[in-house]
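Data first, discussion second: the structure below is written as structure tokens.
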Amino acid sequence: MLLILFSLLSCLVGVSILVGIKILIGFELTSLSLFFIIPVGSIISGAIMTSGYSLGIKRLNIKPAKKQIKVLIIIAILMFFLVQFGYYQVTYIDDDYSYNYRFKGSHVSEFYFKDTNQEVNFFNFLTDKVNSQSISFSHKRHTIGNVEGNKFVNWLFFALDFFGFLFGGYVVYSAFIESAIYCKKCSKYMKEKELLKIVDNIQEQINNIIEYCDEKTENSSRIMEIIDSNPFERENTSEIFANGILHYCQECHEGYLCFEFYIINEKGKYNHNEESDVKVRLSSNTVSEILNSI
């Protein structure tokens, strides 16, 4: 029940924001693209409207399951068309037969298409809107081209917006759930703590931690020495480094130390090299000692 409330809340907030923008400035955020083909508007919109579902799973400590992805996709599809329906609901035609979204004149549903004599219901409205809309391409605030009413191009961009919406939902789910570690013993998601940053002799120090975490050669004091000698810092001054993230259960104190590798690129920005990441299991005694020291 609470998961449904989390989901409904984010959906309501998302629809209100998107339709509100349409009412205020006549702009559809879901149609915003970057580099002409990346549907950033739809990705952001999908992320907002499905965030409640993913956040609810995390806050309610619901065990990760494959069916959650299916539910997420269903929610994203429903919300995508709910937003389109919201655009339809605020579309009016004034006395000059011009569209407006300020509730001036008569609602579009009171009219008929001249060529087909069909009423302007939601389905017909959406179909005609996609078929006839013009798409403008801009670069640095300057319009560099327009596509006027090209059905193929319009439906292609509509499909991109649709899949962007789904992708936005998945990105949030991945950030909240797939990147988290679930404690099966306590049925709770583990907490996270940025613990250390290794910039020198990275592989050697990580190998030492792996050795000291082994059941046969466990040595929590040596692990603490490595942690203390490599304090976590926000500032990055090395070309390559590894961040150590502590994942721990507040109930049983079992946990993991996950190392994320970062390498500087040609543009001076750091890329996360996921293939090199290392996950080390910690005993409850070691986790307790680490928590007591921070």
Side-chain angles (χ1 to χ4, degrees), residues 8-52 75-169:
L8 288 176
L9 180 60
S10 66
C11 290
L12 180 62
V13 170
V15 171
S16 300
I17 292 174
L18 296 179
V19 177
I21 292 174
K22 182 73 170 180
I23 293 172
L24 291 175
I25 60 176
F27 176 70
E28 296 182 6
L29 180 62
T30 50
S31 65
L32 178 64
S33 296
L34 183 66
F35 304 123
F36 311 135
I37 60 172
I38 303 175
V40 291
S42 284
I43 293 174
I44 293 171
S45 302
I48 292 173
M49 299 187 71
T50 59
S51 61
I75 292 175
I77 292 173
L78 291 175
M79 290 305 102
F80 178 80
F81 287 102
L82 181 60
V83 170
Q84 300 299 325
F85 184 73
Y87 294 155
Y88 167 72
Q89 288 291 78
V90 299
T91 302
Y92 281 70
I93 297 178
D94 58 25
D95 294 337
D96 296 327
Y97 293 100
S98 299
Y99 284 123
N100 76 86
Y101 312 100
R102 298 293 184 88
F103 309 102
K104 296 179 180 179
S106 302
H107 189 259
V108 68
S109 62
E110 298 180 19
F111 293 82
Y112 290 81
F113 290 107
K114 183 178 180 180
D115 296 338
T116 62
N117 202 35
Q118 291 181 323
E119 62 179 349
V120 187
N121 56 30
F122 171 61
F123 176 77
N124 292 333
F125 170 81
L126 181 60
T127 303
D128 181 74
K129 172 189 168 186
V130 176
N131 284 338
S132 60
Q133 70 180 354
S134 62
I135 300 174
S136 65
F137 301 92
S138 301
H139 178 65
K140 295 182 179 181
R141 299 183 180 181
H142 298 289
T143 300
I144 59 176
N146 288 281
V147 176
E148 297 287 345
N150 185 302
K151 291 183 181 181
F152 175 79
V153 174
N154 289 352
W155 280 105
L156 177 61
F157 276 92
F158 184 78
L160 286 174
D161 292 343
F162 174 76
F163 287 109
F165 208 91
L166 300 185
F167 180 71

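Everything numeric in this text was worked out from a predicted model, so none of it was measured. When a residue number appears, it is its place in the shown sequence, counting from 1.
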Test side chain to side chain contact (heavy atoms under 4.5 Å, CB included) on Ile77 and Phe165; report intermediate values, then the result.
CA-CA 8 Å; Ile77 292 173; Phe165 208 91; over 6 Å; no

Take Tyr92 and Val108 through the side chain to side chain contact (heavy atoms under 4.5 Å, CB included) test and state the conclusion after the steps.
CA-CA 5 Å; Tyr92 281 70; Val108 68; over 6 Å; no

Give the C-alpha distance, both sets of side-chain angles, the deciding distance and a yes or no for side chain to side chain contact (heavy atoms under 4.5 Å, CB included) between Leu29 and Ser45.
CA-CA 8 Å; Leu29 180 62; Ser45 302; 3.9 Å; yes

Can you check side chain to side chain contact (heavy atoms under 4.5 Å, CB included) on Phe122 and Gln89, steps first, answer last?
CA-CA 9 Å; Phe122 171 61; Gln89 288 291 78; over 6 Å; no

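Below 30°, between 30° and 60°, or above 60°: for Phe125 and Tyr88 the angle between ring planes is between 30° and 60°, a tilted geometry. Taking the six-membered ring where the residue is Trp, Phe162 and Phe80 present perpendicular rings, their angle passing 60° and hence far from 30°.
Proximity of a side-chain donor or acceptor of Asp94 to a complementary backbone N or O of Lys104 within less than 3.5 Å is not detected. Remark: side-chain polar atoms of Asn124 are paired, donor with acceptor, to backbone N or O of Glu119 under 3.5 angstrom. Judged by distance alone, the side chain of Asp96 and the main-chain N or O of Ser98 form no donor-acceptor pair under 3.5 Å. Side chain of Ser42 to backbone of Thr30: a donor-acceptor contact under 3.5 angstrom is found.
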Distance-only donor-acceptor pairs under 3.5 Å for side chains of residues 9-24, two or more places apart:
from  : atom 1 : to    : atom 2 : distance (Å)
Ser10 : OG     : Ser7  : O      : 3.0
Ser10 : OG     : Met49 : O      : 3.1
Ser10 : OG     : Gly52 : N      : 3.0
Ser16 : OG     : Leu12 : O      : 2.7
Lys22 : NZ     : Glu28 : OE2    : 2.9

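Two residues are said to be in side-chain contact when any heavy atoms from C-beta on lie closer than 4.5 Å; Ile25 and Tyr101 fail this criterion. Looking at heavy atoms from C-beta onward, Thr127 lies in side-chain contact with Phe123 at the 4.5 angstrom threshold.
Contact detail for Leu126 and Gln84: the closest heavy-atom pair is CD1-OE1, 3.7 Å. Residues Leu160 and Pro39 come closest through the heavy atom pair O-CG, 3.4 Å.
For Tyr112, the OH atom sits in a loose shell: 12 or fewer heavy atoms of surrounding residues, nucleotides or ligands are nearer than 6.0 Å.
Between the CG atom of Asp161 and the CG atom of Leu32 there is a distance of 9.5 Å, given to the nearest 0.5 Å. A distance of 7.5 Å separates CD1 of Ile43 from CD1 of Ile38, quoted to the nearest 0.5 Å. Note: Phe81 CZ to Tyr87 OH = 13.0 Å, rounded to the nearest 0.5 Å. Atom CG of Asn121 is separated from atom OG of Ser109 by 9.0 Å, given to the nearest 0.5 angstrom. Distance check, rounded to the nearest 0.5 Å: CD1 of Ile93 to CZ of Phe111 gives 4.5 Å. Once rounded to the nearest 0.5 Å, the distance linking OG of Ser106 with OH of Tyr97 reads 9.0 Å.
For the residue pair Asn131 / Asp128, no side-chain donor-acceptor distance below 3.5 Å is found, with atom types taken as modelled.
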